[in-house]
Amino acid sequence: MVIIPREKPVVENLNIYYLNIKKLLEHYQGEIGSGGVYFKSHAAEGAIFFDKDDLLNGYFRDKSIEISGTEAIERLLDAGGKYNFNVTIYQIPEDEVYFWASIYSAEKIYKDLSTEFTDLEGLIKKMSSEKLTGYIDVSIGDDKEAGVIFMINGRILGGSYSSGNDKATPNKENQQYLIQKTKKKGGTFNVCRIPLPKLKTEDQANNSNQDNSENTLDMLEELLATFESVVLSSKKVRKDFNKLLKQKFVENADKYAFLDPFAGEFEYSSRGISFVGDVSDKDLANGIIDSVKEMAQELGILPRLVGGLGSWSETYAEELKTFGIEF
């Protein structure tokens, strides 16, 4: 299933035969900033999500394969007229596009829940109270009707409903329709979580009792600044450093909650760090350094990075030993 918000198409029903998808994306990155492109034909479908700087993620499926990530993006960019796609472009707010781009990494946390044991209204309330970031997949009765309810941190973001116009919209009437349909015809629910943890409440943030040492923050700031310099000087990497770093933080947010971009606890910008979270120096250091090492490895520049961190490793040798960190 291709999941993409379809509330406000910027342009719709373009035939791919006449399009250069790469140039089309470049144009709309400049025109609308962030959004998604939906590809649909009788044989296949797919989506590409983008912001003003990068192509964030993609998804493609046909009768034989189902893929996401870079491979899916490349397949859609080179699709030409092969699948006779109709192409529709949607604008997605920048503060939401990363949610939609990450949705294909969602994992099922509750599978095949039946109306015999739970009801949709109660499930929505439960997931809202648990601050779910993900979606509830709803199959009604004999599976001829279905719906999806999307949530960020327990807030209903929108939904896609097979009985209506198949557009993502927070319309409560549509949600009530699903609730009433499942009460009448029965149904099953799958709850899927995008690996982004619960957001910290304002009270928790204000009551933080763990002050991070300036030495640890200086250490991480120097690390990220060095890493940024290595990335910018690499001919292998052509994407924006901050976007790549944010994507890596999203991937690791299930393990290190403070990396969750929706929480707004940790920020690296203009070679400086801003942090307002409530974690120990050890957890903070491990979260950032694990992310840096993984990203450097994936970009094929880890040896160069390690080579550029000689003096940094010596300066902070005691801290690295205390935190149990090895580069």
task = Carefully, step by step, assess F258 and F275 under the rule ring pair (Phe, Tyr, Trp, His ring centres under 6.0 Å).
result = CA-CA 9 Å; F258 63 87; F275 183 64; 5.7 Å; yes
ask   = side-chain hydrogen bond (donor to acceptor under 3.5 Å, both in side chains) between R271 and S229: does it pass, once the steps are laid out?
value = CA-CA 10 Å; R271 298 184 177 248; S229 296; 2.8 Å; yes
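For the pair K23 and E26, the salt-bridge criterion is not met [side-chain N within less than 4.0 Å of a carboxylate O].
You'll find the side chain of I179 reaches within 4.5 Å of the side chain of I124, heavy atoms only. Taking 4.5 Å as the limit, every side-chain heavy atom of R193 sits out of range of all side-chain heavy atoms of K108. Between I65 and F60, the closest side-chain pair of non-hydrogen atoms falls below 4.5 Å. Taking the side chain as every heavy atom from C-beta outward, N57 and I103 never approach each other to under 4.5 Å.
For K243, the salt bridge (charged side-chain N to carboxylate O under 4.0 Å, His left out) partners at least two apart in sequence or on another chain are D51, E94.
For the 3.5 Å distance criterion, the side chains of R155 and S128 fail to qualify, holding no donor opposite an acceptor. A donor-acceptor contact closer than 3.5 angstrom links the side chains of E66 and Y59. With no hydrogens or angles considered, no side-chain donor-acceptor pair links T188 and D112 at under 3.5 Å. Between the side chains of Y268 and E228, at least one donor N or O lies within less than 3.5 Å of an accepting N or O. A donor-acceptor pair shorter than 3.5 Å cannot be found between the side chains of Y83 and E45. Between the side chains of Y135 and N190, no donor-acceptor pair is found at a separation under 3.5 Å.
A donor-acceptor pair under 3.5 Å is formed between the side chain of K293 and the backbone N or O of E326.
When all heavy atoms of I21 and F39 are compared, the pair lying nearest together is CD1-CE2, 3.9 Å.
Aromatic rings from F85 and Y17 are positioned such that their centres are separated by 6.0 Å or more.
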